[in-house]
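As the structure is a prediction and not an experimental result, all values here were calculated from the model.
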Amino acid sequence: MNYTFGLIGCGNMGSAVACAVSQVTHNGILANRTPQRAQKLAEQLSFSWGSNTETAEKSRFLFLGVKPYLMSDVLQELQPVLAARETKPILVSMAAGLTISQLEEMAGGTCPVIRIMPNTPVSVGQGVILYDCGNGVQPEDETAFLELLAQSGRLVHLSESFIDAGTAISGCGPAFAYLLIDAMADGGVACGLPRADALQLAAQTLLGSAQMVMETGKHPEQLKNEVCSPGGSTIQGVRTLEQRSVRAAMMDAVIAAYEKSVALGKG
């Protein structure tokens, strides 16, 4: 083993994880179907780059940023390399829907597996990574994994049976949050604000509101009520959102994302 961290698949999610890891170590190697993409990201983050085979041969933690429908083919090609290693790597999969047992089988049954679901804010140290460990992962491996991702944000251990549901919130949720930020900013522009100011106000407001939930321990309903003065402007805005079923639409979005994650695992 030459590298603590290896990554196959430098898409948006894989790149976000690589950014978080680069805050802890530069002892890593990246690979991608398009080698130039791996090289460019590696140069930005002070990692090495190479082929899938080289990455699988030399990494202690082998992160797989591969689409679920491609995972079987990628791991089948790597089976001889993984089987030949005296010290097996820890496979860390971020493929939605694929279970630990499925991943173990795809890899030939020789490697321990950690299943994760990160979100893109890990690249700025404010993300969430859901994870669960297969039976072959030793306590010292889990500790080293947590240390490797210490600068990503919040790591949440969930039983694998809950990961698809968690993914629908934290994995997909940034897109929902960005949609809200964009919509709030558009409303500000409609009221005459310059767009740059409206975006800054909307983004900081969501950031601060989330921090209030995390730090006060108060229920969001209570915090919402504290903003709504009797006869004020905020309660009229809330009334409009309720009339337009924004709450129900957000619930439906999470449920739809969950159902899709489950379907991805069934192939």
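With hydrophobic clusters built from ILVMFWY side chains whose heavy atoms lie under 4.5 angstrom apart, Leu155 shares a cluster with Phe63. Linking ILVMFWY residues whenever their side-chain heavy atoms come closer than 4.5 Å, directly or via other members, leaves Leu130 and Leu148 in distinct clusters. Two different hydrophobic clusters hold Ile114 and Val156 under the rule that ILVMFWY side chains link at heavy-atom gaps under 4.5 Å. Clustering ILVMFWY residues whenever any of their side-chain heavy atoms sit less than 4.5 angstrom apart, transitively, puts Met94 in the very cluster that holds Val122. Side-chain heavy atoms closer than 4.5 Å link hydrophobic residues (I, L, V, M, F, W, Y) into clusters, and following such links, possibly through other members, connects Leu7 to Leu146.
Side chains of Ser51 and Thr53: a donor-acceptor N/O pair is absent below 3.5 angstrom, by distance only. Side-chain atoms of Asn119 and Ser170 include no donor-acceptor pair closer than 3.5 Å. Side-chain N/O atoms of Glu43 and Gln39 include a donor and acceptor closer than 3.5 Å.
Atom-to-atom distance recorded for Ile29:CD1 and Asn2:CG is 8.5 Å, nearest 0.5 angstrom. Atom OG1 of Thr120 sits about 12.5 Å away from atom CD of Gln126, to the nearest 0.5 Å. One distance of note links NZ of Lys67 with CG of Leu264; it measures 10.0 Å at 0.5 Å rounding. Here the CZ-CD distance, from Arg239 to Gln236, works out to 4.5 Å after rounding to the nearest 0.5 Å. Distance check: Ile129 CD1 to Ile116 CD1 gives 5.5 Å after rounding to the nearest 0.5 Å. To the nearest 0.5 Å, the span separating OG1 on Thr167 from NZ on Lys260 amounts to 14.5 Å.
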List, one per line, each side-chain donor-acceptor pair under 3.5 Å for residues 9-23, sequence neighbours excluded.
{"unit_1": "Ser15", "atom_1": "OG", "unit_2": "Cys10", "atom_2": "O", "d": "3.0"}
{"unit_1": "Ser15", "atom_1": "OG", "unit_2": "Gly11", "atom_2": "O", "d": "2.7"}
{"unit_1": "Ser22", "atom_1": "OG", "unit_2": "Cys19", "atom_2": "O", "d": "2.6"}

Table please: side-chain donor-acceptor pairs of residues 221-228 below 3.5 Å, with sequence neighbours left out.
{"unit_1": "Glu221", "atom_1": "OE2", "unit_2": "Lys224", "atom_2": "NZ", "d": "3.1"}
{"unit_1": "Gln222", "atom_1": "NE2", "unit_2": "Glu226", "atom_2": "OE2", "d": "3.4"}
{"unit_1": "Asn225", "atom_1": "ND2", "unit_2": "Glu221", "atom_2": "O", "d": "3.4"}
{"unit_1": "Glu226", "atom_1": "OE2", "unit_2": "Lys218", "atom_2": "NZ", "d": "3.0"}

Expected list for residues 175-194: side-chain donor-acceptor pairs under 3.5 angstrom, two or more places apart:
{"unit_1": "Asp186", "atom_1": "OD1", "unit_2": "Arg195", "atom_2": "NH1", "d": "2.8"}
{"unit_1": "Asp186", "atom_1": "OD1", "unit_2": "Arg195", "atom_2": "NH2", "d": "3.1"}

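Heavy atoms from other residues, nucleotides or ligands lying under 6.0 Å from CD of Gln44 number more than 12.
Grouped by direct or indirect side-chain proximity (heavy atoms under 4.5 Å, Ile/Leu/Val/Met/Phe/Trp/Tyr only), Leu62 sits with Ile8, Leu64, Val66, Tyr69, Leu70, Met71, Val74, Leu75, Leu78, Leu82, Leu91, Leu98, Ile100, Leu103, Met106, Val113. Leu241 belongs to a hydrophobic cluster whose other members, connected by ILVMFWY side-chain contacts under 4.5 Å either directly or through intermediates, are Val246.
Here Ala144 pairs with Arg60, Phe61 under the side chain to side chain contact (heavy atoms under 4.5 Å, CB included) rule; sequence neighbours left out. Every ring pair (Phe, Tyr, Trp, His ring centres under 6.0 Å) that Phe47 has, sequence neighbours left out, goes to Phe5. Residues passing the ring pair (Phe, Tyr, Trp, His ring centres under 6.0 Å) test with Tyr131 are Phe145, His157, sequence neighbours excluded. Shown here are the salt bridge (charged side-chain N to carboxylate O under 4.0 Å, His left out) partners of Glu77, two or more places apart in sequence or in another chain: there are none. For Glu54, the salt bridge (charged side-chain N to carboxylate O under 4.0 Å, His left out) partners two or more places apart in sequence, or in a different chain, are Lys58. Scanning for side chain to side chain contact (heavy atoms under 4.5 Å, CB included) contacts around Gln138 gives Glu140, Asp141, with sequence neighbours left out. Residues satisfying the salt bridge (charged side-chain N to carboxylate O under 4.0 Å, His left out) criterion with Glu242, sequence neighbours excluded, are Arg247.
In this structure, Tyr258 and Val262 have side chains that are in contact, with non-hydrogen atoms separated by less than 4.5 Å. In this structure the side chain of Cys111 reaches within 4.5 angstrom of the side chain of Pro89, judged on heavy atoms. Considering only heavy atoms from C-beta on, Thr55 stays 4.5 Å or farther from Leu30 through its side chain. For the pair Thr99 and Glu160, the minimum side-chain heavy-atom distance is below 4.5 Å.
Residue Arg85 comes nearest to Ala56 through the heavy atom pair NH1-O, 2.7 Å, listed as atom of the first residue, atom of the second, then distance. Taking each heavy atom of Ala150 and Val24 in turn, the nearest pair found is N-CG2, 4.4 Å. For the residue pair Ala95 and Ser93, the shortest heavy atom distance occurs at N-OG, 3.2 Å.
We find that Asp164 and Arg115 are joined by a salt bridge, their nearest charged nitrogen and carboxylate oxygen being less than 4.0 Å apart.
Using modelled atom types, no side-chain atom of Ser46 and backbone atom of Ala42 make a donor-acceptor pair closer than 3.5 Å. Panel note: side chain Glu105, backbone Gln102; no donor-acceptor pair is recorded below 3.5 Å. Judged by distance alone, with hydrogens and angles left aside, the side-chain atoms of Asn32 form no donor-acceptor pair with the main-chain N or O of Ala38 at under 3.5 Å. Looking only at distances, no side-chain donor or acceptor of Thr34 sits under 3.5 Å from a matching main-chain atom of Gln36.
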